[in-house]
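Below is one structure, written out as structure tokens; the observations come after it.
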Protein chains: 2
Amino acid sequence: MSIMTSPTDVACCRPVTEAALDDASAIQLAAVFAVLGDPVRLRLFSLIASLPDGSCACDLVEPLGRSQPTVSHHLKVLFESGLVDRERRGRWIWYSVRPEALASASILITC
Amino acid sequence: MSIMTSPTDVACCRPVTEAALDDASAIQLAAVFAVLGDPVRLRLFSLIASLPDGSCACDLVEPLGRSQPTVSHHLKVLFESGLVDRERRGRWIWYSVRPEALASASILITC
DNA sequence: GCTATATATCGATACTTGCCAATATAGATA
DNA sequence: TATCTATATTGGCAAGTATCGATATATAGC
């Protein structure tokens, strides 16, 4: 799956409980939730988020108990959704959270 | 999919960005996100949430543009996840949001 | 260039899920 | 009881996805 626009672009900035979402906003917001809706991917995201300076991809395979290709796949989904950033450092790639992406989702589900 | 425990039972009450989720918490929390991760279901939820007294199921089929069984299916998923409540009133069934369920998810993704 | 290592992509498979048509269930009313 | 209506369930199909082994790409160091 690929999300073309960043979650921060979601037009609606009001809680989902305040006014019914239009179709387009629902598609964008649901895409963010879907990314976080897989347990392995959510743990992966939380592992990255738990370290302030981000995480090397090399440190994420073992704690997840999944193969390297599988972790790489989930990292790609997280990156393309705009939830994490990616930076190459020499041979390694460092992932870090994009706080503003999470914040927009948080605002929407706050009553 | 069926979620046996309510989202409010999720053990962890800290943001996912603060400490890495353990496996069990990730499974529970991801289940909530997965429920909201379908655009039709998210719109359905937002339709119910937008009316303070809840919504009759009979008023939810037409605006979603899906068949009655499909809407019924999504309502079941929402109910079993603990995100909405259900009450029979005569021939009709009224759905309303359970605010505390959303709140727990909101806390977890707040930075 | 050659080798070693870190990450990504490919291809295949098993499982999940969103959807609808048909049917069942349950309450209301006569 | 019979009938009408609102909602739920069943069955099946098509599309999506999580997973892994094998392979490709890219960087570092020699």
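Proteins come first, then strands; the chains are lettered A, B, ... in the order of their sequence lines, and each starts at number 1.
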Indicate whether OP1 or OP2 belonging to C:dG18 is found under 4.0 Å from a side-chain N or O atom of B:Arg66.
no
So if I apply the side-chain contact (heavy atoms from CB on, under 4.5 Å) rule between A:Leu78 and each of A:Asp85, A:Val97, A:Val84, which one comes out positive?
A:Val84
If you check every side-chain atom of B:Trp92, which of D:dA6, D:dT9, C:dT9 has the closest atom?
D:dA6
Whole-Å gap separating P (C:dT7) and CD (A:Glu87):
13 Å
Looking at B:Arg98 and B:Gly82, would you say the former's side chain and the latter's main chain have a donor-acceptor pair under 3.5 Å?
yes
Counting the atoms with a prime plus P, OP1 and OP2 as sugar-phosphate, which does A:Val40 contact under 4.0 Å by heavy atoms, base, sugar-phosphate, or nothing?
sugar-phosphate
Any sub-3.5 Å donor-acceptor pair from B:Ser46's side-chain atoms to A:Leu21's backbone N or O?
yes
Can you check the B:Arg88 CZ to D:dT5 C1' distance for me, whole Å?
11 Å
In whole angstrom, what separates B:Phe33's CZ from D:dT17's C1'?
19 Å
Where the side chain of B:Tyr95 is concerned, which of D:dT19, C:dT7, D:dA8 is the nearest nucleotide?
D:dA8
Side chain of A:Thr70 - closest among D:dC20, C:dA22, C:dT7:
D:dC20
Do B:Gln68 and D:dA8 share a donor-acceptor pair, side chain to base, under 3.5 Å?
yes
Any B:Arg41 side-chain N or O less than 4.0 Å from OP1/OP2 of C:dG18
yes
Using atom CZ of B:Phe79 as one end and atom C1' of D:dT7 as the other, report the distance to the nearest whole Å.
14 Å
Spacing of A:Leu36 atom CG relative to D:dT17 atom P, expressed in whole Å
15 Å
From the candidates D:dA26, C:dA8, D:dA8, the one with an atom nearest any side-chain atom of A:Pro69 is C:dA8
Which nucleotide in D:dT19, D:dA8, C:dG18 has an atom nearest any side-chain atom of B:His74:
C:dG18
Has B:Arg41 got a side-chain atom pairing as donor or acceptor with B:Leu36's backbone, closer than 3.5 angstrom?
no
If you check the B:Ile93 side chain, which of C:dT7, D:dT7, C:dC19 turns out closest?
D:dT7
Is there a side-chain contact between B:Ser67 and the phosphate of C:dC19, meaning an N or O under 4.0 Å from OP1 or OP2?
no
Please state how far atom CH2 in A:Trp94 lies from atom C1' in C:dT7, giving the value in whole angstrom units.
15 Å
So does B:Asp53 get a backbone contact from the side chain of B:Ser96, meaning a donor-acceptor N/O pair under 3.5 Å?
no
Atom-pair distance (NZ on B:Lys76; P on C:dT17), nearest Å:
13 Å
Counting heavy atoms from C-beta on, name the nucleotide in D:dT9, C:dG18, D:dA8 closest to the side chain of B:Arg86.
D:dA8
Nearest-nucleotide pick for B:Arg91, side chain only, options being C:dC19, D:dT19, D:dC4:
D:dC4
Checking B:Ser50 side chain against B:Leu47 main chain: does a donor-acceptor pair fall under 3.5 Å?
yes
Quickly work out the B:Leu78 CG to D:dA8 P distance and round it to whole Å.
12 Å
Looking at the side chain of B:His73, which of C:dT7, C:dG18, D:dT19 is the nearest nucleotide?
C:dG18
